[in-house]
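Every number for a ligand or one of its atoms is a count from 1 in the order of the listing.
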Amino acid sequence: MNAYLNGQFLPLDEAKISVLDRGFVFGDGVYEVVPVYSNKPFRLDAHLHRLQDSLDSIRLANPHELAEWRDLVLQLIAQQDFSDQSLYIQVTRGTPVEGQPPRDHAFPKGVPPTVFMFAQPLVTATPEHKAAGVCAVTAVDNRWLRCNIKAISLLANILLRQKAIDVDCAETVMLRDGFLTEGAASNIFVVKDGVLRAPPPSNLMLTGITYDVVLELAATHDIPHEVRAISEAEVRAADELWMTSSTKEIMAIVKLDGAPVGAGVPGPLAQRMDALYQTFKQQVMRA
Ligand SMILES: Cc1ncc(COP(=O)(O)O)c(C=O)c1O
């Protein structure tokens, strides 16, 4: 399993950084997770643009041009001995150099960012898993107000997600001030009376690459859809609830806080959207 660290491709277990790296000490960095199918990255440019947005938001200069990123990512993909990959990209504010305080909130001057990438096998849901769906719990979204940044400091998301894991569920659906934001590691869609609904992009959620694909597919295939604030009552009264992410794709939530969602099985629109998504993926991969 090969990794990339600051200009070098090397075995993952040989990739080493300083303990003073600001990613380690402060969680001062951003990341992306790109799904790779049959050695082809899916929506790579969208991920790289979101990485740019995250870097801009934390005032960290992008160490690479888009073309350089593409090239590095493709090189890393080619070095793995498995073809479906979950490719992780992380950029941190680097390690203070000699003469600089080892730990200081202030941005260190003249320090190159740390760029780290590695790939692990991408395990997508089996047809049986999709047919069963997953359960989720709700929780108050107590994260900060800049959730649109894909920041590596994920402590709040981890604690929220663990609430689901503790009760053998897959995801925590988060509510802020009575409205749906997103999942702890996914976006959430609601279906009611055949209409697909998603909360609007804002500082309170990460706009998923999968979220965008789902809305594009809904538009292309004339599926009625609305992007608007969704109340807790609407979440609880949903016919269908889905979680979406690059690695989970589209997964039906069939139980929320112990109560069945709709009929308590993956709904027809979830199945249709998953089929559209799989077809779209194949088309993109063949292109
Ligand atoms: C908090 C959060 N929201 C949404 C998503 C979905 O984003 P994407 O579809 O780009 O994977 C993720 C993915 O990890 C996430 O962590």
Side-chain angles (χ1 to χ4, degrees), residues 27 29-37 41-55 57 69 73 84-90 117-120 122-125 134 136-165 170-176 179-190 196 198-218 227 230 235 241-253 270 273-274 276-278 280-281 284:
V30 296
Y31 76 106
E32 277 298 323
V33 177
V34 184
V36 176
Y37 303 101
F42 183 61
R43 291 259 163 155
L44 177 59
D45 282 8
H47 284 277
L48 294 175
H49 284 127
R50 189 172 63 182
L51 179 66
Q52 180 71 58
D53 289 345
S54 294
L55 287 166
S57 300
W69 275 118
V73 165
D84 287 349
Q85 306 173 15
S86 168
L87 191 140
Y88 180 80
I89 304 174
Q90 174 172 310
M117 297 195 279
F118 82 108
Q120 54 187 335
L122 175 66
V123 184
T124 46
V134 295
V137 297
T138 56
V140 169
D141 190 343
N142 56 11
R143 300 173 301 162
W144 68 337
L145 295 175
R146 303 190 70 187
C147 299
N148 52 321
I149 303 173
K150 203 160 167 64
I152 59 168
S153 30
L154 285 170
L155 186 54
N157 300 62
I158 287 168
L159 292 173
L160 285 158
R161 185 111 193 265
Q162 192 62 34
K163 285 178 190 274
I165 293 164
E171 185 55 301
T172 299
V173 174
M174 298 187 287
L175 301 158
R176 194 192 282 264
F179 286 89
L180 171 66
T181 54
E182 60 180 338
S186 62
N187 290 112
I188 304 292
F189 286 80
V190 171
L196 178 63
S202 76
N203 61 315
L204 302 181
M205 64 173 245
L206 182 77
T207 309
I209 306 301
T210 323
Y211 167 101
D212 282 342
V213 175
V214 165
L215 289 175
E216 274 173 42
L217 289 172
V227 175
I230 298 168
V235 172
L241 268 187
W242 314 342
M243 57 187 274
T244 69
S245 79
S246 293
T247 51
K248 296 282 181 307
E249 301 185 336
I250 294 139
M251 178 55 80
I253 295 170
M273 184 55 76
D274 180 52
L276 292 173
Y277 191 83
Q278 299 308 326
F280 179 71
K281 238 169 61 182
V284 173

Discussion item. For Y88, give me all partners under ring pair (Phe, Tyr, Trp, His ring centres under 6.0 Å), at least two apart in sequence or on another chain.
Written reply: Y31, F118
Item to complete: Say whether R143, considering both its backbone and side-chain N or O atoms, lies within less than 3.5 Å of an N or O atom on ligand 1.
Response: no
Worksheet item: Got an N/O contact under 3.5 Å between I209 and ligand 1?
Response: yes
Side chains of [X] and [Y] in contact at under 4.5 Å (non-hydrogen atoms):
X: D274; Y: Q278; answer: yes
X: M174; Y: M205; answer: no
X: V36; Y: L122; answer: no

Discussion item. I'd like to know if the side chain of S54 reaches the main chain of K150, judged simply by a donor and an acceptor atom lying under 3.5 Å from each other, with no hydrogens or angles considered.
Written reply: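 Side chain of S54 to backbone of K150, a donor-acceptor pair under 3.5 Å: yes, one is there.
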Worksheet item: Would you say the side-chain atoms of N203 pair up with the backbone N or O of L145, donor to acceptor, closer than 3.5 Å?
Response: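 Such a contact is found between N203 side chain and L145 backbone.
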Fill in: Pairing of E249 and K281 as salt bridge, 4.0 angstrom limit
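Looking at K281 together with E249, the answer is yes, because their closest N to O distance falls below 4.0 Å.
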Got the closest protein heavy atom to [atom], with its distance?
atom: atom 15 (C) of ligand 1; value: A185 C, 3.5 Å
atom: atom 14 (O) of ligand 1; value: K150 NZ, 3.4 Å
atom: atom 3 (N) of ligand 1; value: E182 OE1, 2.6 Å
atom: atom 9 (O) of ligand 1; value: T210 OG1, 2.6 Å

Discussion item. For E32, run the side chain to side chain contact (heavy atoms under 4.5 Å, CB included) check against V73, L87, L51, L48 and tell me which one passes.
Written reply: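 With E32 as partner, V73, L87, L51, L48 yield a single side chain to side chain contact (heavy atoms under 4.5 Å, CB included), made by L51.
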Discussion item. Tell me whether the rings of F42 and Y277 are parallel (<30°), tilted (30 to 60°) or perpendicular (>60°).
Written reply: perpendicular
Worksheet entry | N157 neighbourhood, listing ligand 1 atoms whose heavy-atom distance to it stays under 4.0 Å |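 In order of number, 1 (C).
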Item to complete: Would you mind running through ligand 1 and noting each atom that sits below 4.0 Å from a heavy atom of G183?
Response: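 Under 4.0 Å from G183, ligand 1 has these atoms: 1 (C).
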Item to complete: Could you pull out, from A184, A151, C147, the option with a heavy atom nearest to atom 1 (C) of ligand 1?
Response: A184
Worksheet item: Which one of S246, S186, G208 has a non-hydrogen atom at the shortest distance from atom 4 (C) of ligand 1?
Response: S186
Strictly under 4.0 Å, does any heavy atom of [X] approach an atom of ligand 1?
X: K248; result: no
X: R50; result: yes
X: N187; result: yes

